[in-house]
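Read through the structure below, which is laid out as structure tokens, and then see the notes.
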Amino acid sequence: EPEVTQTPSHQVTQMGQEVILRCVPISNHLYFYWYRQILGQKVEFLVSFYNNEISEKSEIFDDQFSVERPDGSNFTLKIRSTKLEDSAMYFCASSWAQSSGNTIYFGEGSWLTVV
Amino acid sequence: SQKIEQNSEALNIQEGKTATLTCNYTNYSPAYLQWYRQDPGRGPVFLLLIRENEKEKRKERLKVTFDTTLKQSLFHITASQPADSATYLCALADDKIIFGKGTRLHILP
């Protein structure tokens, strides 16, 4: 079965450093998402991306964050000037059509630890 | 803003029995409601979707109901097995998906 792949699986970074999390969505999917889950808390929506632009973003997704689809396969989340509270599992997801009425497939996550 | 409450952080059910998980929300009824399974350290896995005009949806041993009057969805696993032990997430879906905190289900052998 096709799957969403994410790299790295775990990254430790110093506070203030920039981090790029990478995702390869399922190949024929058109909608892409980033979610995060702080340890012990719920999965939170960050951003959705369609047709090479952000279609929706949450309050969490401020100027510190950016997303990019640099080529036909990768979808990246950049976090500038990381803070301790950015430590979380970051999930990439993709879907064929808009997520609300369709199956959305999640990757296994990238665990980010900011020290 | 929309709030989602899932019953009890943890639920213990004897193997073979039916597990019933509850999801309540506070504001408007979403167009769709989804249920996911999440294992420790893994990403959520989509299980079922139910539309606001549907009362019930089934898939193998899973059944979901959606009551827009009560603002509630129930998620049932019949003939539960230890392999069903996981956290189950309710999610409201309109233009984006909003997750509940989840219920940890333990099926006891």
Side-chain angles (χ1 to χ4, degrees), chain A residues 1-10 21 23-26 29 31-50 54-61 88-113, chain B residues 1-10 21-26 28-54 57 59-60 62 64 66 68 73 86-104:
Chain A
E1 185 173 318
E3 57 182 23
V4 175
T5 56
Q6 291 185 241
T7 54
S9 56
H10 189 191
L21 304 179
C23 170
V24 179
I26 293 172
H29 283 185
Y31 292 78
F32 314 112
Y33 315 89
W34 284 100
Y35 287 79
R36 80 171 185 191
Q37 187 173 30
I38 295 170
L39 188 63
Q41 299 192 23
K42 63 181 179 181
V43 177
E44 299 175 291
F45 170 78
L46 292 179
V47 66
S48 59
F49 192 87
Y50 170 71
I54 290 173
S55 49
E56 182 96 28
K57 61 182 181 179
S58 71
E59 295 170 352
I60 303 167
F61 194 89
M89 181 77 96
Y90 288 82
F91 293 109
C92 174
S94 70
S95 60
W96 163 245
Q98 196 174 9
S99 61
S100 55
N102 293 277
T103 303
I104 178 172
Y105 295 85
F106 282 80
E108 293 294 9
S110 292
W111 182 248
L112 175 65
T113 303
Chain B
S1 61
Q2 189 75 278
K3 285 193 178 145
I4 306 167
E5 291 173 2
Q6 293 192 243
N7 66 318
S8 64
E9 289 198 9
L21 284 63
T22 305
C23 173
N24 293 292
Y25 56 93
T26 55
Y28 59 89
S29 286
Y32 306 92
L33 192 144
Q34 302 180 351
W35 283 88
Y36 291 77
R37 169 182 173 140
Q38 186 176 28
D39 289 284
R42 311 290 295 271
V45 175
F46 174 86
L47 295 174
L48 276 171
L49 173 153
I50 187 165
R51 293 174 172 77
E52 62 176 337
N53 61 352
E54 295 177 315
K57 198 79 166 279
K59 180 182 174 184
E60 297 171 351
L62 309 180
V64 170
F66 191 8
T68 55
S73 174
T87 296
Y88 290 87
L89 311 178
C90 166
L92 306 190
D94 279 311
D95 50 357
K96 60 180 182 286
I97 296 175
I98 303 171
F99 285 90
K101 199 171 176 184
T103 299
R104 279 182 292 120

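Proteins come first, then strands; the chains are lettered A, B, ... in the order of their sequence lines, and each starts at number 1.
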- Residues in ring pair (Phe, Tyr, Trp, His ring centres under 6.0 Å) contact with Y90(A), at least two apart in sequence or another chain: none
- Which atom pair, heavy atoms only, marks the closest approach of F46(B) to I104(A)? CB-O, 3.8 Å
- Note on the structure: Applied to residues 44-54 of chain B, the side-chain hydrogen bond (donor to acceptor under 3.5 Å, both in side chains) test, sequence neighbours excluded, yields none
- Are any of the side-chain heavy atoms of Y33(A) and I97(B) separated by less than 4.5 Å? no
- Task: For R42(B), look at atom CZ and say whether over 12 heavy atoms of other residues, nucleotides or ligands are found less than 6.0 Å away.
- Result: no
- Query: Does some side-chain heavy atom of I4(B) sit less than 4.5 Å from a side-chain heavy atom of K42(A)?
  - Reply: no
- Measure Q37(A) against the heavy atoms of chain B and call it side chain, backbone, both or neither at under 4.5 Å. side chain
- Grab the two heavy atoms, one from V43(A) and one from F99(B), that are nearest each other, plus how far apart they are. O-CB, 3.5 Å
- Heavy-atom proximity to chain A below 4.5 Å, by part of L48(B): neither
- Under a 4.5 Å heavy-atom cut-off, does chain A meet the side chain of E9(B), its backbone, both or neither? neither
- Answer with side chain, backbone, both or neither: which region of Q41(A) has an atom nearer than 4.5 Å to a non-hydrogen atom of chain B? backbone
